Amino acid sequence: LEFAAEPTETLDLASLVQSVCDDYHDAGQHVVVQDLQAEIIASKPVALRRALGNLLENAFRYGDRARVSLAVMPRQVHVRIHDDGPGIPVDMVEE
């Protein structure tokens, strides 16, 4: 419900991703940002920042570090977060 109440705004996704990563880097986490290019999107910035933070927290918890990039395609933008963790066991993927 909190997400639904937040207004959608136009924002530069690369700047938001860089800002979130900078916050974690400043807090002592090992995070590398690569291949960011400006991409204007319509989104809910607080909710998006929280989602990115959750994914990065998982990367640090299970893989110690994170590599973050954007892949821009027609009508889609993918935020990729890679870590060195063990991943999800094959028998747990369905869950």
Side-chain angles (χ1 to χ4, degrees):
L1 296 173
E2 190 176 316
F3 171 78
E6 182 183 1
T8 298
E9 298 178 20
T10 300
L11 58 95
D12 178 354
L13 180 59
S15 293
L16 186 133
V17 168
Q18 184 69 59
S19 174
V20 171
C21 290
D22 287 347
D23 290 346
Y24 280 101
H25 183 268
D26 292 348
Q29 295 290 355
H30 185 90
V31 58
V32 175
V33 180
Q34 50 197 10
D35 300 328
L36 291 185
Q37 55 183 311
E39 185 65 25
I40 305 302
I41 65 168
S43 185
K44 299 174 184 283
V46 173
L48 185 53
R49 181 176 280 275
R50 183 179 302 140
L52 289 169
N54 289 340
L55 292 169
L56 285 167
E57 289 285 335
N58 285 340
F60 301 134
R61 182 177 305 117
Y62 300 108
D64 296 323
R65 63 180 160 212
R67 292 174 304 284
V68 182
S69 64
L70 290 181
V72 179
M73 294 164 251
R75 302 179 53 100
Q76 292 184 4
V77 180
H78 295 225
V79 177
R80 295 185 174 146
I81 300 174
H82 296 274
D83 63 50
D84 297 326
I88 299 170
V90 174
D91 60 333
M92 299 292 289
V93 171
E94 288 293 321
E95 280 187 46

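Because the structure is a prediction, the values reported are computed rather than measured. Hydrogens, waters and symmetry mates are skipped; everything else that's a heavy atom, side chains included, is used.
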Enquirer: Tell me whether His25 at atom NE2 has more than 12 heavy atoms from other residues, nucleotides or ligands lying less than 6.0 Å away.
Expert: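 At most 12 heavy atoms, drawn from other residues, nucleotides or ligands, come within 6.0 Å of this atom.
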
Enquirer: CZ of Arg49 to CG of Asn54: how many Å apart, nearest 0.5 Å?
Expert: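 Atom-to-atom, Arg49:CZ and Asn54:CG are 12.5 Å apart.
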
Enquirer: To the closest 0.5 Å, what do you measure between CZ (Arg65) and CD (Gln29)?
Expert: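 So the gap between those two atoms works out to 12.5 Å.
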
Enquirer: Quick one: list whatever passes side-chain hydrogen bond (donor to acceptor under 3.5 Å, both in side chains) with Arg80, sequence neighbours left out.
Expert: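 If we apply the side-chain hydrogen bond (donor to acceptor under 3.5 Å, both in side chains) test to Arg80, skipping adjacent residues, there are no hits.
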
Enquirer: Taking the basic N atoms (NZ, or NE/NH1/NH2) and the acidic carboxylate oxygens, is any pair closer than 4.0 Å for Arg67 and Asp84?
Expert: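 Looking at Asp84 together with Arg67, the answer is yes, because their closest N to O distance falls below 4.0 Å.
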
Enquirer: Looking at every heavy atom in both Ala66 and Leu56, which two are closest together, and how far apart are they?
Expert: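 Shortest heavy-atom contact: CB-CD2, 3.7 Å.
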
Enquirer: Would you find more than 12 non-hydrogen atoms of other residues, nucleotides or ligands less than 6.0 Å from Ile40 atom CD1?
Expert: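 Count over threshold, so yes.
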
Enquirer: List in chain and number order the residues that pass side chain to side chain contact (heavy atoms under 4.5 Å, CB included) with Val33, two or more places apart in sequence or in another chain; answer none if no residue qualifies.
Expert: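 For Val33 the side chain to side chain contact (heavy atoms under 4.5 Å, CB included) partners, ignoring immediate neighbours, are Gln18, Cys21, Leu36.
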
Enquirer: Indicate yes or no: at least one non-hydrogen side-chain atom of Ser43 is less than 4.5 angstrom from one of Leu11.
Expert: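 A side-chain contact under 4.5 Å exists here.
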
Enquirer: So which heavy atom on Glu6 is nearest to which on Ala47, and how close?
Expert: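 Here Glu6 and Ala47 meet closest at OE1-N, 3.0 Å.
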
Enquirer: Assigning hydrophobic clusters by single linkage (Ile, Leu, Val, Met, Phe, Trp, Tyr; side-chain heavy-atom cutoff under 4.5 Å), is Leu16 placed with Val72?
Expert: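 Linked, Leu16 and Val72 end up in one cluster.
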
Enquirer: On a heavy-atom basis, which atom in Glu39 and which in Asp12 lie closest, and how many Å separate them?
Expert: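 Heavy atoms of Glu39 and Asp12 come nearest at N-OD1, 3.2 Å.
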
Enquirer: Which pairs with one or both residues in residues 53-85 pass ring pair (Phe, Tyr, Trp, His ring centres under 6.0 Å), sequence neighbours excluded?
Expert: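 Sorted pair list: Tyr24-Phe60.
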
Enquirer: For Met92, look at atom CE and say whether over 12 heavy atoms of other residues, nucleotides or ligands are found less than 6.0 Å away.
Expert: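 No, the 6.0 Å shell around CE holds no more than 12 heavy atoms from other groups.
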
Enquirer: How many angstroms lie between CG in Leu48 and CZ in Arg50, if you round to the nearest 0.5 Å?
Expert: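 Spacing of CG (Leu48) from CZ (Arg50) equals 11.0 Å.
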
Enquirer: Less than 4.5 Å apart, any side-chain heavy atom of Val68 and any of Leu52?
Expert: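 The answer is no, as the side chains (C-beta and beyond) never meet within the 4.5 Å cut-off.
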
Enquirer: Search all heavy atoms of Asp35 against all heavy atoms of Ser69 and return the closest pair with its distance.
Expert: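 In this case the closest contact between Asp35 and Ser69 is CB-CB, 4.2 Å.
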
